[in-house]
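The structure appears right after this line, and notes come after that.
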There are 2 protein chains.
Amino acid sequence: MWLHSETDETDMDKKDIRILKAIAGEGTNSPDKIQDITGIPKSTVHYRLKQLREEGVLKNDLMEMDLSEIGVDITLISEVYAEFGEGYHTTVGEKLEAIEGVNQVYFTMGDTDFVVIANVTKRAMVESIIEDYESIAEIERTSSKFVISTVKDETYPINDFEYETLVDTLAEK
Amino acid sequence: MWLHSETDETDMDKKDIRILKAIAGEGTNSPDKIQDITGIPKSTVHYRLKQLREEGVLKNDLMEMDLSEIGVDITLISEVYAEFGEGYHTTVGEKLEAIEGVNQVYFTMGDTDFVVIANVTKRAMVESIIEDYESIAEIERTSSKFVISTVKDETYPINDFEYETLVDTLAEK
DNA sequence: ATTGAAACTTGATCGTT
DNA sequence: AACGATCAAGTTTCAAT
């Protein structure tokens, strides 16, 4: 898990790349449609996709979701500096990822610090999130910036849908 | 596109949330399976999902992809400071997002700067990417950090599969 | 807007090359 | 490993509420 490790063997070839590009380009993982786009027979497509799934390259089906459409239009990027200590990397990381609204947590080189990206609905939630960061025992300090606009990656995959409070939040408006 | 705008109307209710959570939790968007999980009849699930698609909340089908499995195990987070000028935000942003390996570009508040996240296969590509950033006309300076490990969001959706060179890169090894 | 059942489409399987 | 034909399985539609 440090840098890269173990069996780094993947047997991808150009045909796989064509299939993956078709999936990405058309926004579908249907063997039938991929056949239409690439000309590769759907049974072959099926075979390749199964292979890639077994290799662990492909995992779950997702749906691309436009967070801003449901009112989640505030993105906050924070640097979170933690004290250094045995296992802090994991402990602190887990605490950060558990915070509602947090969607990405990176542990970075150099000083012991994290880059955390959160998406929320309301300005008030920003203060609350930053407080959450700072309330974690080993945190030294944080430094945050707002995102004005997302040039790339405007939409978001549903892979960790956590906005339980969303309906209520919307109702409040 | 500044903060949020226009019709911010979404008619999501708790049933939609249940469906979305099921999709996220089980990694499937099959009406049949969602019916099994939630108990909501598949025809109703179908109806709701269609609705959400028409509202623009849901877009493409995607597949979760483990980049590290295909050798893309280096993540680079950079702050890119640009000169301020009319339309630079768009111009510079577009140039940044066009760079191979760049997967996220955020334009942030405060000084005119971008946060850019790139994923690549080889250390050498890091240098090349940073050079690319700095070669863009309006860039003042950049500041980058490596990601040691991704605490959250380890996998990646195929929504912009651009690793054309990947097969060749792997072959070189 | 919801649903059960029908109609239809498609993804998965299988056997051959 | 590739693929055409086949069939089970799934999605979508429809009519009634």
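Fair warning: this is a prediction, and the values are worked out from it, not measured in the lab. So you know, we letter chains A, B, ... as the sequences are listed, proteins then strands, and number each from 1. Hydrogens, waters and symmetry mates play no part in the numbers below; they use all other heavy atoms, side chains included.
- Whole-Å rounding puts the Asp61(B) CG to dG11(C) C1' distance at 14 Å.
- Under the 4.0 Å criterion applied to side-chain N and carboxylate O atoms, Asp132(B) and Lys95(B) are not assigned as salt-bridge partners.
- OP1 or OP2 of dG11(C) lies within a sub-4.0 Å distance of a side-chain N or O belonging to Ser30(A).
- Residues Ile34(A) and Ile23(A) have side chains in contact (heavy-atom distance under 4.5 Å, counting atoms from C-beta outward).
- Protein atom CD of Gln51(B) is 9 Å distant from nucleotide atom P of dT2(C), rounded to whole Å.
- Note on Lys21(A) versus Asp16(A): no salt bridge recorded, every NZ/NE/NH1/NH2 to OD/OE distance being 4.0 Å or above.
- Distance Tyr47(A) OH to dA12(C) C1': 15 Å, rounded to the nearest Å.
- Taking atom CG of residue Asp13(B) and atom C1' of nucleotide dT2(C), one finds them 12 Å apart after rounding to whole Å.
- Residue Gln35(B) is classed as having no contact, given no heavy-atom separation below 4.0 Å to the nucleic acid.
- The nearest whole Å value for the distance from the NZ atom in Lys50(A) to the C1' atom in dG11(C) is 13 Å.
- At a threshold of 4.5 Å between non-hydrogen side-chain atoms, the residues Gln104(B) and Ile117(A) count as touching.
- Regarding contacts with the backbone of dG11(C), every side-chain N or O of His46(A) stays at 4.0 angstrom or more from both OP1 and OP2.
- The distance from atom CD1 of Ile34(A) to atom P of dT9(C) is 20 Å, rounded to the nearest whole Å.
- Across the protein-nucleic acid pair, Lys42(A) atom NZ and dG10(D) atom C1' stand 12 Å apart, rounded to whole Å.
- Distances from the side chain of Asp32(B) to the nucleotides dT13(D), dT11(D), dC3(D) place dT11(D) closest.
- Relative to the side chain of Thr44(B), the nucleotides dA1(C), dT3(C), dC3(D) differ in distance, and dT3(C) lies closest.
- Rounded to whole angstrom, the span from the NZ atom of Lys15(B) across to the C1' atom of dT2(C) amounts to 7 Å.
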